[in-house]
Visitor: 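Shown below is the structure under consideration.
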Amino acid sequence: MQARIIRPDPATEFFTEERCHILECLNAPDSPFSIAQARVEPGVITALHALRGVDEVYYLLTGTGEMEVGNTLKASVGPGDVVCIPAGVSQRIRNTGMTDLVFLCVCTPRFEVACYEDLE
């Protein structure tokens, strides 16, 4: 990985079929991981999905939600919480608050569209 400063452009945020807004922060071919900022609007639940071969960690920045990971974990989450999601395990998050739910998604190895599996 090359030493550099990256300043993600908020204007590049895009809406996904997963029902959330994504701002790619780092997802370069020479990086062993990726970082994206996700934003889920109030009342929205993201699509049930899994990432094949990719471990994911959520770091909650603002808002409140309810996280589901597989059949074993369902919990309320908020700022400062870290959610660990093993590769291949189903996941989704619901915004339970009145403001946007914003969190960082760190994927190892880096996220690629081919790893995304829609479970709905």
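FYI, the numbering just counts along the sequence from 1.
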Visitor: Can you see which heavy atom on Pro42 is nearest to which on Gly97, and at what distance?
Guide: CB-O, 3.5 Å
Visitor: Would you call the rings of His49 and Tyr116 parallel, tilted or perpendicular, taking 30° and 60° as the class edges?
Guide: parallel
Visitor: Please name the pair of heavy atoms, one in Ala38 and one in Cys105, separated by the smallest distance, quoted to 0.1 Å.
Guide: CB-SG, 3.9 Å
Visitor: Does any part of the side chain of Leu61, heavy atoms only, come nearer than 4.5 Å to the side chain of Pro79, both counted from C-beta?
Guide: no
Visitor: Between the main-chain N or O of Phe111 and the side-chain N or O of Asn27, is there a donor-acceptor pair closer than 3.5 Å?
Guide: yes
Visitor: For Glu17, I'd like to know if atom CD has over 12 heavy atoms of other residues, nucleotides or ligands within 6.0 Å.
Guide: no
Visitor: Any chain of hydrophobic side-chain contacts (each under 4.5 Å) joining Leu104 to Val83?
Guide: no
Visitor: At their closest point, which heavy atom of Met67 faces which heavy atom of Arg92, and how far apart are they?
Guide: CE-O, 3.6 Å
Visitor: With heavy-atom distances below 4.5 Å as the criterion, would you say the side chains of Val57 and Val82 are in contact?
Guide: yes
Visitor: Have Gln91 and Glu68 got a donor and an acceptor in their side chains that come within less than 3.5 Å?
Guide: no
Visitor: Is there a side-chain contact between Glu66 and Ile93 (heavy atoms, below 4.5 Å)?
Guide: no
Visitor: Please check if the distance between the ring centroids of Phe103 and Tyr58 is under 6.0 Å.
Guide: yes
Visitor: So do the side chains of Leu60 and Leu101 get within less than 4.5 Å of each other, counting heavy atoms only?
Guide: yes
Visitor: Looking at side-chain heavy atoms only, is the closest gap between Glu112 and Cys107 below 4.5 Å?
Guide: no
Visitor: Indicate the atoms forming the closest heavy-atom contact of Pro109 with Gly53, along with that distance.
Guide: CD-O, 3.3 Å
Visitor: Which heavy atom of Pro10 sits nearest a heavy atom of Leu23, and at what distance?
Guide: CA-CD1, 4.1 Å
Visitor: Would a 4.5 Å heavy-atom cut-off, applied to side chains only, mark Arg7 and Asp9 as touching?
Guide: no
Visitor: Tell me if a side-chain donor or acceptor on Asp55 pairs with a main-chain N or O of Pro86 at a distance below 3.5 Å.
Guide: no
Visitor: Report yes or no: do Leu73 and Val77 belong to one cluster of Ile/Leu/Val/Met/Phe/Trp/Tyr joined by side chain heavy-atom distances under 4.5 Å?
Guide: yes
Visitor: Test of understanding: clusters of I, L, V, M, F, W, Y form through side-chain heavy atoms closer than 4.5 Å, transitively. Do Ile6 and Val106 belong to the same one?
Guide: yes
Visitor: Do side-chain atoms of Arg52 reach the backbone of Ala114 as a donor and acceptor pair under 3.5 angstrom?
Guide: yes
Visitor: Determine, using the 4.5 Å side-chain heavy-atom cutoff (strictly less than), whether Val40 and Ile85 are members of one ILVMFWY cluster.
Guide: yes
Visitor: Are any non-hydrogen side-chain atoms of Cys25 and Gln37 less than 4.5 angstrom apart?
Guide: yes
Visitor: Using 4.0 Å as the upper bound for N to carboxylate O, is an ion pair formed by Glu120 and Arg19?
Guide: yes
Visitor: Any ion pair linking Asp30 and Arg4 (charged N to carboxylate O, less than 4.0 Å)?
Guide: yes
Visitor: Check the hydrophobic clustering (I, L, V, M, F, W, Y; side-chain heavy atoms under 4.5 Å; chains of links allowed) and say if Leu51 and Val113 are grouped together.
Guide: yes
Visitor: Got Arg39 and Glu13 here, is their nearest side-chain heavy-atom distance under 4.5 Å?
Guide: yes
